[in-house]
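In what follows, a structure is listed as structure tokens, so that the remarks can point back to it.
The first residue in the sequence is number 1, and the count goes up from there.
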Amino acid sequence: MFRYQILIEYSGTNFRGWQIQKKGKTIQGLIQEKISKLLKEKIILLGSGRTDTGVHALKQSAHFDTQNKITQNDKFLKSINHFLNKDGVAILKIIKRKNNFHARFSAKMRIYKYIIINRLSRPVLEKNRGWHVMKELDLIKMKKGAKKLVGTKDFSTFRASSCRAKSPIKTMKLVKIKSSKSKIEIEFRSQSFLQQQVRSMVGCLKYLGENKWSLKKFESITKSKKRILCAPLAPAEGLFLARIIY
């Protein structure tokens, strides 16, 4: 058997997330089906992690095993993308890997980016590619809040009730906010995340930026471990899985 890693770009708008479900179209399901047809064997595709309905990816990582050695990477990419591109999915790269490589368990760092479009006018060209917030946000205050999220902490406040993680304790390596004109980009780096953790943190940072919360309140809610105190979840359309570091 041969093992291959693929890097995937996709728009999550018309999918019910990454993971195969009983009902609805998923990214994992679509790619698995198309690779199986192309290689003429049943393929099981394993991703680095799930993305929710509406979440996008710049470089999602996944792997699969096949009995067929892929000798022409360019030919494979052209063929598979012919079937995927119309659905807003593209395989960017295919890499031959050793059999001990695992898209999920070998990951050392996951990088997510969240985009806020902070202006009065609703975005047209970037529709479904960012959270449109009309009220001007206080970036200095948000950056101070972002620093409070870095480190090894109990992130129960930001954890979805359906989260299956064994522990709410995670190590945030980086939370960085930068802006250009009306676009605010928040980058999050950690080895792993709780379900809806990033969107929950963005929702709280927005409350801070809107001056609905003081920095002191933001910090106390972060430490409270009470999900009920968390700000409303940021919408999925602004979230991008940027890349996985191995």
Side-chain angles (χ1 to χ4, degrees), residues 1-113 128-129 160 162-166 191-199 236-237 239-246:
M1 294 289 273
F2 302 97
R3 181 161 293 187
Y4 293 93
Q5 177 196 9
I6 54 173
L7 300 178
I8 314 149
E9 178 182 274
Y10 56 80
S11 166
T13 304
N14 298 319
F15 291 91
R16 292 194 66 187
W18 165 266
Q19 191 175 22
I20 290 173
Q21 317 235 347
K22 288 180 181 177
K23 290 183 180 179
K25 193 175 182 182
T26 68
I27 297 118
Q28 182 187 26
L30 176 71
I31 298 171
Q32 192 169 281
E33 177 199 337
K34 300 304 182 187
I35 293 179
S36 295
K37 283 184 179 177
L38 189 64
L39 298 179
K40 296 180 173 64
E41 64 174 296
K42 188 177 179 181
I43 294 296
I44 304 295
L45 185 68
L46 298 169
S48 68
R50 306 172 186 180
T51 54
D52 291 336
T53 301
V55 175
H56 315 295
L58 304 176
K59 278 186 183 177
Q60 165 70 292
S61 171
H63 81 265
F64 64 90
D65 293 333
T66 173
Q67 293 171 7
N68 297 287
K69 187 174 184 180
I70 298 166
T71 54
Q72 294 176 285
N73 287 3
D74 287 357
K75 186 180 178 183
F76 174 85
L77 290 176
K78 283 179 184 176
S79 299
I80 196 67
N81 284 326
H82 173 75
F83 298 109
L84 295 174
N85 288 172
K86 66 180 186 297
D87 288 301
V89 178
I91 308 300
L92 304 174
K93 197 172 184 180
I94 180 166
I95 307 156
K96 176 78 176 68
R97 288 289 197 174
K98 291 179 180 177
N99 286 345
N100 63 351
F101 172 84
H102 195 287
R104 181 182 172 192
F105 299 120
S106 301
K108 291 178 180 175
M109 191 77 67
R110 290 169 171 84
I111 303 171
Y112 279 90
K113 290 186 179 181
N128 297 322
R129 300 290 183 276
S162 55
C163 181
R164 294 178 184 174
K166 291 177 182 177
Q191 186 174 13
S192 61
F193 292 86
L194 301 167
Q195 187 182 359
Q196 296 183 347
Q197 183 183 346
V198 173
R199 290 166 61 198
E237 62 204 36
L239 184 58
F240 295 77
L241 172 56
R243 66 188 177 107
I244 311 295
I245 297 172
Y246 293 99

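Take Y246 and apply the ring-ring contact (aromatic ring centres under 6.0 Å, His included) test, not counting sequence neighbours, and it matches F101.
In this structure, CG in D74 is found 11.0 Å from CD1 in I94, a value given to the nearest 0.5 Å. Atom NZ of K34 is separated from atom CD1 of I43 by 15.0 Å, given to the nearest 0.5 angstrom. The distance from the CZ atom of R243 to the CG atom of L58 is 10.5 Å, given to the nearest 0.5 Å. Going from atom CD1 of I245 over to atom CZ of R110 covers 11.0 Å, rounded to the nearest 0.5 Å. Of the inter-residue distances, the one linking L194 atom CG with Q196 atom CD reads 10.5 Å to the nearest 0.5 angstrom. One distance of note links CD of E9 with NZ of K59; it measures 9.5 Å at 0.5 Å rounding.
For CZ of R104, the number of neighbouring non-hydrogen atoms (other residues, nucleotides, ligands) closer than 6.0 Å is 12 at most. The environment of R129 atom CZ is dense: over 12 non-hydrogen atoms of other residues, nucleotides or ligands sit within 6.0 angstrom. At most 12 non-hydrogen atoms from other residues, nucleotides or ligands lie less than 6.0 angstrom from NZ of K108. The neighbour count for K93 NZ, taken as heavy atoms of other residues, nucleotides or ligands under 6.0 Å away, does not exceed 12.
A side-chain contact (heavy atoms from CB on, under 4.5 Å) with D65 is found for one member of R3, R97, E41 and no other, namely R3. A side-chain contact (heavy atoms from CB on, under 4.5 Å) with I91 holds for exactly one of I35, N85, I31; it is I31.
Between Q5 and S61, the shortest heavy-atom contact is NE2-OG, 3.0 Å. For the pair A103 and G47, the tightest heavy-atom approach, listed with the atom from each and the gap, is CB-C, 4.0 Å. In plain terms, the two heavy atoms of I244 and A107 that are nearest each other are CG2-CB, 3.6 Å.
The backbone N or O of I20 sits less than 3.5 Å from a side-chain atom of Q28, completing a donor-acceptor pair. At distances below 3.5 Å, not a single donor-acceptor pair connects side-chain atoms of T66 with backbone N or O atoms of F2. No donor-acceptor pair closer than 3.5 Å links the side chain of R16 to the backbone N or O of K25. The backbone N or O of L39 sits less than 3.5 Å from a side-chain atom of N68, completing a donor-acceptor pair. The main-chain N or O of C163 is found under 3.5 Å from a side-chain atom of Q195 such that the two form a donor-acceptor pair. Side-chain atoms of Q32 come within 3.5 Å of backbone N or O of L45 as a donor-acceptor pair.
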Side chain to side chain contact (heavy atoms under 4.5 Å, CB included) assessment of T51 paired with Y112: CA-CA 11 Å; T51 54; Y112 279 90; 4.3 Å; yes
Steps toward side chain to side chain contact (heavy atoms under 4.5 Å, CB included) verdict (M1, F64): CA-CA 10 Å; M1 294 289 273; F64 64 90; over 6 Å; no
CA sep, side-chain torsions, deciding dist, call: I8, V89, side chain to side chain contact (heavy atoms under 4.5 Å, CB included): CA-CA 7 Å; I8 314 149; V89 178; 3.9 Å; yes
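Between F15 and Y10, the distance from one ring center to the other does not fall under 6.0 angstrom.
Looking only at side-chain heavy atoms (C-beta outward), V55 and W18 stay at 4.5 Å or farther from each other. At a threshold of 4.5 Å between non-hydrogen side-chain atoms, the residues H63 and H102 count as touching. Here the side chains of T13 and E237 are not in contact, with every heavy-atom distance at 4.5 Å or above.
Within the structure, every pair that satisfies the ring-ring contact (aromatic ring centres under 6.0 Å, His included) test and touches residues 40-60, not counting sequence neighbours, is listed here: H56-F240.
Between the side chains of Q60 and S48, at least one donor N or O lies within less than 3.5 Å of an accepting N or O.
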